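Bear in mind the structure is a predicted one, so any value in this text is a computation, not a measurement.
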Amino acid sequence: MGIFLNSIAPLEAYKLVVTSPYFVDKSALIEELIPALNVERRYFCITRPRRFGKTVIATMVGAFFGKIKEEDRLFDALQIATAALYTKHLHQHEVFFIDLSRVPEKCSTYQAYITRIIDGMKKDLSDRFSDLDIDCTKSVWDILQLVFEETKTKFIFVLDEWDAIFHMSFVSENERREYLLFLKNLLKDQAYVELVYMTGVLPIAKYSSGSELNMFAEYDMATKERFGAYFGFLDCEVDSLFAAYQKNTRNQRITREDLRRWYDGYHIASGERLYNPRSVVLALSDNQLSDYWTSSEPYDELFYYIRNNIEDVRDDLVLMASGEGVAVEIGQFAAASMEIRTREQIYSAMVVYGLLTYEDGEVFIPNKELMSQFEELLCT
């Protein structure tokens, strides 16, 4: 077991989710990934708003494929266990699981950030393939290539929060470009890559206008149907969670309609509606309806535009706060640009961040949880 290679951390993290009283089984996603092993289209980037289960699914993927020493039966009771290739792939792959939002202690430079990742990968490879003459002064991709040449070993890469670095204040524009080049050299067209499963909030086009990461197929919530139902809770899934709540909770203070009014309202490309999963789980666990949304720097950036009434956004939001939709053409948020200038870019960004939802050419405030934030904002 290494820091990143075949770490037991994803399995232990996913166990905590599976044993929760409000667990929803999304393991069928793994069955969609298995056919992509060792084929050309083996690069996936899933983008979703924060709190929509990206990390839970990433830990599930890492936990399923990654090799572990002890026997584990966690997945036997889940949907993936019915797949024809279940036993062939369960815990049978070399997996690098890297949470790219993690930083070294007291980290204040990009060099410290990236060195932790590179040195950790090199040490894991040196320990795992100790019979090979590994020169840790060489690049990590050269070492991986050496391992592949000598042993025919391929690797799955599960990279969570790939875009976190773009919100780290100590990282310069040049260093962000260096980071993109690092990912390109590590992953693109490398024979040792068996599969890459990557998550983030914003699309790759937000940061990369060139060919660095163009091998990825990107899947967002608003425009791509595939994988849509795996992130967030469907209506039928919330029905099951509410039934568990009724069984396990005394002095119940939440109704099924409350959950719909507070946390439903997101739309995916297939037309289905989704609930914010984190908010539903916390509300049922706490037996209390509340605003569980956590704001952060990117959201503050968007609210700046609203406060300054750029392109009549504030007037639109007054209309949306009354329950109406606003017609707008949205697209891949701010492709190749770090700035938000137009009305369309502002709304595209708000959909990507989960602050608005999009359906049939209109944007809406999805539910009461978000409505309260906008009402507070409009009163300032």
> Do the side chain of Asp220 and the main chain of Thr47 share a donor and acceptor less than 3.5 angstrom apart?
Replying inline: no
> So, the side chain of Thr59 versus the backbone of Val56: is there a donor-acceptor pair under 3.5 Å, distance only?
Replying inline: yes
> Got a second to check how far Thr223's OG1 is from Ile268's CD1, nearest 0.5 Å?
Replying inline: 12.0 Å
>> Checking Asp119 against Lys123 for the salt bridge (Lys or Arg N to Asp or Glu O under 4.0 Å) test, could you report, in this order, the C-alpha distance in whole Å, the side-chain angles of both residues, the deciding distance, and whether it holds?
In response: CA-CA 6 Å; Asp119 287 354; Lys123 184 180 187 305; over 6 Å; no
> When rounded to the nearest 0.5 angstrom, what is the spacing between NZ in Lys138 and CD in Gln145?
Replying inline: 11.5 Å
>> Checking side-chain polar atoms at under 3.5 Å, does Glu94 have a donor or acceptor matched by the opposite partner on Asn6?
In response: yes
> Got Phe242 and Asp239 here, is their nearest side-chain heavy-atom distance under 4.5 Å?
Replying inline: no
>> Whether the side chain of Ser322 engages the backbone of Leu319 through a donor-acceptor N/O pair (distance < 3.5 Å, no angle test) should be reported.
In response: yes
> Can Lys224 be said to sit on top of Tyr219's aromatic six-ring, NZ or CZ under 6.0 Å from centre and within 45° of the ring axis?
Replying inline: yes
> In the single-linkage hydrophobic clustering (I, L, V, M, F, W, Y; side-chain heavy atoms under 4.5 Å), do Leu78 and Leu16 co-cluster?
Replying inline: no
> With sequence neighbours excluded, what pairs up with Asp189 under the side chain to side chain contact (heavy atoms under 4.5 Å, CB included) test?
Replying inline: none
> Under 6.0 Å between the ring centres of Phe75 and Phe64?
Replying inline: yes
> Run the salt bridge (Lys or Arg N to Asp or Glu O under 4.0 Å) check on Lys122 and Asp135 step by step: do they pass?
Replying inline: CA-CA 9 Å; Lys122 288 181 179 181; Asp135 181 358; over 6 Å; no
>> Restricting to salt bridge (charged side-chain N to carboxylate O under 4.0 Å, His left out), what partner residues turn up for Glu32, sequence neighbours left out?
In response: Arg226
>> Determine whether a donor-acceptor pair (N or O, by modelled atom type, separation under 3.5 Å) exists between the side chain of Asn248 and the backbone of Ala244.
In response: yes
> Going through the distances and angles, do Val18 and Ser20 end up as a side-chain contact (heavy atoms from CB on, under 4.5 Å)?
Replying inline: CA-CA 6 Å; Val18 172; Ser20 162; over 6 Å; no
>> Could you check whether any side-chain heavy atom of Pro277 comes within less than 4.5 Å of a side-chain heavy atom of Arg51, counting everything from C-beta outward?
In response: no
> Glu12 side chain to Ala9 main-chain N or O, any donor-acceptor pair under 3.5 Å?
Replying inline: no
> Looking only at heavy atoms, what is the nearest atom pair of Tyr353 and Leu202, with distance?
Replying inline: OH-CD1, 3.5 Å
> How about Lys154: does its NZ atom have over 12 heavy atoms from other parts shown lying under 6.0 Å from it?
Replying inline: yes
>> Between Phe97 and Leu159, is the side-chain contact (heavy atoms from CB on, under 4.5 Å) condition met? List the steps.
In response: CA-CA 6 Å; Phe97 182 92; Leu159 307 177; over 6 Å; no
> Of all heavy-atom pairs between Pro10 and Gly62, which one has the smallest distance, and what is that distance?
Replying inline: CB-C, 4.1 Å
> Could you walk me through whether Lys54 and Ile46 pass the side-chain contact (heavy atoms from CB on, under 4.5 Å) check?
Replying inline: CA-CA 8 Å; Lys54 298 187 303 298; Ile46 311 291; 5.5 Å; no
>> Just so I know, are the side chains of Tyr263 and Phe233 near enough to count as touching, which here means a heavy-atom distance under 4.5 Å?
In response: no
>> Could you report the tightest heavy-atom contact between Leu5 and Asp124, atom names first, then the distance?
In response: N-OD2, 2.9 Å
> If only atom types and distance count, is the side chain of Ser27 paired as donor or acceptor with the main-chain N or O of Gln79 below 3.5 Å?
Replying inline: yes
> Has the side chain of Asp163 got a donor or acceptor atom that lies under 3.5 Å from a matching backbone atom of Gly200?
Replying inline: no
> If you round to the nearest 0.5 Å, how far is CG of Asp133 from CD of Glu150?
Replying inline: 9.5 Å
> Is any side-chain heavy atom of Arg273 closer than 4.5 Å to a side-chain heavy atom of Thr357?
Replying inline: no
> Got Ile117 and Phe96 here, is their nearest side-chain heavy-atom distance under 4.5 Å?
Replying inline: no
>> Over 60° means perpendicular and under 30° means parallel, so tell me whether His267 and Phe364 are parallel, tilted or perpendicular.
In response: tilted
> Would Leu146 and Asp142 count as a side-chain contact (heavy atoms from CB on, under 4.5 Å) if you check the C-alpha gap in whole Å, the side-chain angles of each, and the deciding distance to 0.1 Å?
Replying inline: CA-CA 6 Å; Leu146 170 68; Asp142 284 342; over 6 Å; no
> Should the ring pair Phe155 and Tyr192 be called parallel, tilted or perpendicular, given that the plane angle runs from 0 to 90° and is split at 30 and 60?
Replying inline: perpendicular
> Does Asn185 offer a backbone N or O that forms a donor-acceptor pair with the side chain of Gln190 under 3.5 Å?
Replying inline: yes
>> Does Lys368 form a salt bridge (Lys or Arg N to Asp or Glu O under 4.0 Å) with Asp258? I'd like the steps, not just the answer.
In response: CA-CA 10 Å; Lys368 183 174 174 56; Asp258 286 336; over 6 Å; no
> Any chance CD of Glu40 has more than 12 other-residue heavy atoms, nucleotides or ligands included, within less than 6.0 Å?
Replying inline: no
> Donor-acceptor pair, Asn367 side chain versus Gly265 backbone, under 3.5 Å?
Replying inline: no
> Are Ile114 and Leu181 grouped together when hydrophobic residues (ILVMFWY) are joined by side-chain heavy atoms under 4.5 angstrom apart?
Replying inline: no
>> Is it true that, when you exclude Lys15 itself, more than 12 heavy atoms of the residues, nucleotides or ligands shown sit nearer than 6.0 Å to its NZ?
In response: yes
>> Within the structure provided, determine whether Ile34 and Phe65 are in side-chain contact (heavy-atom separation under 4.5 Å).
In response: yes
>> Tell me whether the rings of His93 and His89 are parallel (<30°), tilted (30 to 60°) or perpendicular (>60°).
In response: parallel
> Which value, rounded to the nearest 0.5 Å, describes the distance between Met121 atom CE and Phe4 atom CZ?
Replying inline: 8.0 Å
> Say you draw a straight line from NZ of Lys26 to CD1 of Ile80; how long is it, rounded to the nearest 0.5 Å?
Replying inline: 14.5 Å
> Do Val95 and Phe157 have side-chain heavy atoms sitting under 4.5 Å apart?
Replying inline: no
> When rounded to the nearest 0.5 angstrom, what distance separates CZ in Arg48 from CG in Leu274?
Replying inline: 8.0 Å
> For Glu369 and Ser279, does a side-chain donor sit closer than 3.5 Å to a side-chain acceptor?
Replying inline: yes
> Where is the tightest heavy-atom contact between Tyr197 and Ala58, given as atom of each residue plus distance?
Replying inline: CE2-CA, 4.0 Å
> Just wondering, are more than 12 heavy atoms of other shown residues or ligands nearer than 6.0 Å to CD in Glu31?
Replying inline: no
> Would one find more than 12 heavy atoms of other residues, nucleotides or ligands at under 6.0 Å from atom CG of Asp131?
Replying inline: yes
>> Has Tyr347 got a side-chain atom pairing as donor or acceptor with Leu356's backbone, closer than 3.5 angstrom?
In response: no
> Is a side-chain donor-acceptor pair under 3.5 Å present for Glu237 with Ser240?
Replying inline: no
> Does CZ in Arg102 sit with more than 12 non-hydrogen atoms of other residues, nucleotides or ligands closer than 6.0 Å?
Replying inline: no
> Is there a side-chain contact between Leu370 and Tyr266, using heavy atoms and a 4.5 Å cut-off?
Replying inline: yes
>> As a test of understanding, state which of Asp160, Asp99, Thr55 forms a side chain to side chain donor-acceptor pair (under 3.5 Å) with Thr199.
In response: Asp160
>> Could you check whether Asp235 and Tyr275, counting side-chain N and O atoms only, form a donor-acceptor pair closer than 3.5 Å?
In response: yes
